[in-house]
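Notes to accompany the following structure.
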Amino acid sequence: QVQLVESGGGLVQSGGSLRLSCAASGNIFSINFMDWYRQAPGKLRERVARASSSGSANYADSVKGRFTISRDTAKNTVFLQMNSLKPEDTAVYYCHAELALDGSGRSYSYWGQGTQVTVSS
């Protein structure tokens, strides 16, 4: 059984910072990539940032220069440092991982339960 557990959400004023964490645990063979998504009320879920196993990162245009994704591969953990937060960043943030449970080549998708981020103006 694989679990992704997020932490670090909360309420912050516009211009402030938050750091989200997501730890993957369970019978994990390898992790291909880990992402952060977000979903605001009435909107579709969108990918905010991705950290691949190669160490590369990519970001949605809306967060470039403000958010930084990083991974601790030894601990199967991904972080999202969010700076210069804006009210439009308000959403539930979800951790996602594509990972393998064994050496068969098959990968599976897992999601965390989500953590609320609210940015007040």
Side-chain angles (χ1 to χ4, degrees):
Q1 188 75 6
V2 173
Q3 283 190 314
L4 301 183
V5 179
E6 300 121 332
S7 61
L11 173 63
V12 65
Q13 288 189 331
S14 182
S17 298
L18 282 175
R19 187 176 189 240
L20 305 182
S21 301
C22 171
S25 62
N27 186 28
I28 298 169
F29 180 76
S30 64
I31 297 178
N32 298 333
F33 53 80
M34 298 185 81
D35 309 302
W36 286 98
Y37 282 74
R38 68 185 180 188
Q39 188 167 20
K43 294 190 176 181
L44 297 175
R45 190 173 295 189
E46 63 170 348
R47 192 172 76 204
V48 173
R50 167 169 290 183
S52 70
S53 59
S54 67
S56 65
N58 56 65
Y59 301 90
D61 288 343
S62 58
V63 306
K64 280 181 182 176
R66 300 188 299 121
F67 290 11
T68 302
I69 190 170
S70 59
R71 279 179 65 179
D72 183 337
T73 54
K75 296 182 179 180
N76 290 335
T77 300
V78 66
F79 306 96
L80 186 68
Q81 178 66 43
M82 304 185 294
N83 298 328
S84 302
L85 282 161
K86 305 174 181 179
E88 51 263 43
D89 294 318
T90 295
V92 178
Y93 283 70
Y94 296 91
C95 177
H96 169 261
E98 182 181 282
L99 54 87
L101 304 179
D102 52 37
S104 67
R106 288 190 297 266
S107 295
Y108 301 89
S109 181
Y110 290 89
W111 291 88
Q113 80 285 357
T115 185
Q116 177 71 45
V117 170
T118 302
V119 184
S120 63
S121 57

How far apart are the C-alpha atoms of L20 and V117, what are their side-chain angles, what is the distance that settles it, and do they pass the side-chain contact (heavy atoms from CB on, under 4.5 Å) test?
-> CA-CA 9 Å; L20 305 182; V117 170; 4.1 Å; yes

Can you confirm whether [X] sits close enough to [Y] that some side-chain heavy atom of one is under 4.5 Å from a side-chain heavy atom of the other?
| X | Y | result |
| --- | --- | --- |
| E46 | R38 | yes |
| F33 | H96 | yes |
| Y110 | I31 | no |
| N58 | R47 | yes |
| F67 | N83 | no |
| C22 | V5 | no |

Before giving the answer on side-chain contact (heavy atoms from CB on, under 4.5 Å), spell out for T77 and R71 the whole-Å C-alpha distance, their side-chain angles and the decisive distance to 0.1 Å.
-> CA-CA 6 Å; T77 300; R71 279 179 65 179; over 6 Å; no

Have T118 and Q116 got a donor and an acceptor in their side chains that come within less than 3.5 Å?
->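 Result is yes, a qualifying pair exists.
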
Distance-only side-chain donor-acceptor flag, S107 / N32, under 3.5 Å = yes

If you measure from CG on L80 to CD on E6, what distance do you get to the nearest 0.5 Å?
-> 11.0 Å

Please round to the nearest 0.5 Å and tell me the distance separating atom CZ of F29 and atom CG of D102.
-> 7.5 Å

Is it the case that the side chain of [X] and the backbone of [Y] share a donor-acceptor pair, with hydrogens and angles ignored and the cut-off at 3.5 Å?
| X | Y | value |
| --- | --- | --- |
| R66 | S62 | yes |
| T90 | V119 | yes |
| Y59 | I69 | yes |

Residue Q39 excluded, over 12 heavy atoms near CD under 6.0 Å |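 Enclosed.
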
State yes or no: are the ring centers of W111 and Y37 separated by less than 6.0 Å?
-> yes

CA sep, side-chain torsions, deciding dist, call: K64, D61, salt bridge (charged side-chain N to carboxylate O under 4.0 Å, His left out) | CA-CA 5 Å; K64 280 181 182 176; D61 288 343; 3.1 Å; yes

side-chain contact (heavy atoms from CB on, under 4.5 Å) between S70 and Q81, intermediate numbers included | CA-CA 8 Å; S70 59; Q81 178 66 43; over 6 Å; no

Can you check side-chain contact (heavy atoms from CB on, under 4.5 Å) on Y94 and V92, steps first, answer last?
-> CA-CA 7 Å; Y94 296 91; V92 178; 3.4 Å; yes

